[in-house]
Amino acid sequence: MIGITGSPTSTSSAPLIVLEGLEGEVREEEVVLIENAVGNKILAVCRRGTGINDNLKVGSYSPGVAYARSTGSTPSRSKESYYYTLSFIGAIDGSGVKRNDLIVAPGSRVYSFNGSGTNPLTFMAHESCAFKGCLAERREWAIPFDLRYASYHIGVFGTTGSGKSCLARSLLIPLLRESGFGVLVLDWSGMDYAPYFKENTIKISEFKVDVDVVFAYIMEKTRKFGYRGEVSTLSELLEEVLAESWEGLLMNVREPKNVLQTLKSALSAKLAKQEGSKDGKWIGLAQKRLETYWRKLKPEDISHLMGTKPIESSLPKRGELVVIDMSSVGSYEKLAFFLSLSEVLMTKISRGEELSIALVIDEAPQYCPSEPKGLQTNATDRIKDLCALGRKHKLCLVLISQGMAGEIGINAAVRRNLNTQFIGQIHPLDMEEASKWLSPYGINIESLLYLERGNFYFIGKMNPSPTPLLISFEVDGDGR
Ligand SMILES: Nc1ncnc2c1ncn2[C@@H]1O[C@H](COP(=O)(O)OP(=O)(O)O)[C@@H](O)[C@H]1O
Ligand SMILES: [Mg+2]
């Protein structure tokens, strides 16, 4: 026994007055048991620890403070108390945990599970739950995750260095794999997953790229051959040449240097053909521009457009893991790859297939920021579609982001589709958004600014507890 409930109480929370001498035994975010004098047993989380001593109250005259100041010792502790606010998980009945519908009697006894060998979180688990990670304050207690709701999508939020990628590597990926999902990770920088899962990693440059991406890339690298407008004779001819010969080049000429040479010769030949029909001087200028700007294309630029693996082949089977290392190419190609990948997934969904795939998107604001631009607009729309349709086809999206809302966050329409949240240490700019999620449960929002790395509030559909739990996880020696 660690204390008794104080007053006032309700059906969802109650103050806990800690017994004298046990102040050092009870920790914030620990799970305890209330033996409600009215009849039932209730699991609850300790929140907002407070210590009060009326003799030492500052702000107005108090004999206790005067005594403490003059003697340097504390006055009587008779007016001292320590208490927590208990946020209820639910009432324990024979088969699990139910919503508590009885008022807790003030003065009910409260017990700790510490040292009992019992993980109180097992009371609320049912068949569709799997255990992973641990409660941050009691690392021997594993956390139940309700896998029925994995396809309701997951959001992971926290500042840089708060441990988001670690959470994905050490907890979410193993959890999803063990529960029958194939996990596909998009590693934007190639530094968060690829080095840890070398044998499961495929480089983005190995995949086949759509011809329109090749076209857009060449136009960008050659600065549109120096023309201001989007469309020029050279751009039109390039489109033609690529449509006619790109597939063939991939099959036959594997040397990037030769591919560049062949494309240039074909363009030059097409230009020459036009000489008769158009103003010769003008064609001469185009030839010169081709000569000048084509030099900006290096063999290594073109080599990562020459992959031949179809994207379908990257899709993991149940229980498998595939990491795509996207580090070798620019943002445009990364987003283009994502769009091709999502097209493959959408086709499968429209055929009514069950996917059993979890798609982990780290650095999600690169794909779907609050104000998407260029290809991000298409990526954002696609993520929304995948969220909406994926639910019925066992597709689980895991979006990982530094910020929640606003400039540093992810698109509001996408965010609405994430029904399970992991919230780690946050940026002060996000306090308002985080407070919408956590304040109703008595969590002190300022404490989110100092959360230790690797600690996350777990809230939402996958959490069998209605009140958030502060969870953590172990990192293996090799970082997984
Ligand atoms: N549960 C944990 N226990 C110990 N160290 C952790 C834990 N979680 C994260 N870390 C450490 O925090 C650092 C940053 O983690 P990372 O996942 O890269 O952060 P983020 O992706 O949020 O920027 C890592 O070097 C890792 O060693
Ligand atoms: Mg990271």
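Every number for a ligand or one of its atoms is a count from 1 in the order of the listing.
Salt bridge annotation for K164-E363: absent, with no cationic side-chain nitrogen under 4.0 angstrom from a carboxylate oxygen. A salt bridge links R47 to E29: one of the charged nitrogens lies within less than 4.0 Å of a carboxylate oxygen. With salt bridges taken as basic N to acidic carboxylate O contacts below 4.0 Å, none links R109 and E35. With respect to K348 and E312, no salt bridge is recorded, no charged nitrogen being found less than 4.0 Å from a carboxylate O.
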Does the pair K298 and E300 meet the rule for a salt bridge (charged side-chain N to carboxylate O under 4.0 Å, His left out), with working shown? CA-CA 5 Å; K298 301 279 176 272; E300 54 276 20; over 6 Å; no
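Nearest protein heavy-atom contact of atom 15 (O) of ligand 1 is G163 CA, 3.5 Å. Protein heavy atom at the shortest distance from atom 13 (C) of ligand 1 is R453 NH1, 4.0 Å. Ranking protein heavy atoms by distance to atom 1 (N) of ligand 1, first place goes to F473 O, 2.9 Å. Nearest protein heavy-atom contact of atom 4 (C) of ligand 1 is V475 CG2, 4.1 Å.
Ring orientation note: the planes of F197 and Y193 are close to parallel, at an angle under 30° on the 30°/60° scale. The aromatic rings of Y367 and W188 sit perpendicular, their planes meeting at an angle over 60°, well past the 30° parallel limit.
Taking every non-hydrogen atom of S165 and a distance limit under 4.0 Å, the qualifying atoms of ligand 1 come out as 17 (O), 21 (O).
Polar contact check, E474 against ligand 1: no nitrogen or oxygen pair lies under 3.5 Å apart. In terms of N/O distances under 3.5 Å, ligand 1 is not approached by T160.
Proximity of S162 to ligand 1 is established by a heavy-atom distance of less than 4.0 Å.
Under the ring pair (Phe, Tyr, Trp, His ring centres under 6.0 Å) test applied with H304, the options F337, Y332, Y217 reduce to a single match, Y217.
Excluding waters, the set of protein N/O/S atoms under 2.8 Å from the Mg ion (ligand 2) reads S165 OG.
No side-chain donor-acceptor contact under 3.5 Å links D325 and T201.
Taking each of A136, C166, S170 in turn, the one with a heavy atom nearest to atom 24 (C) of ligand 1 proves to be C166.
For atom 22 (O) of ligand 1, a protein non-hydrogen atom is found at a distance below 4.0 Å.
Interatomic distance, Y82 OH to N53 CG, rounded to the nearest 0.5 Å: 8.0 Å.
Contact annotation: for T159 versus ligand 1, heavy atoms closer than 4.0 Å belong to the backbone alone.
At most 12 heavy atoms of other shown residues, nucleotides or ligands fall within 6.0 angstrom of atom CD in E452.
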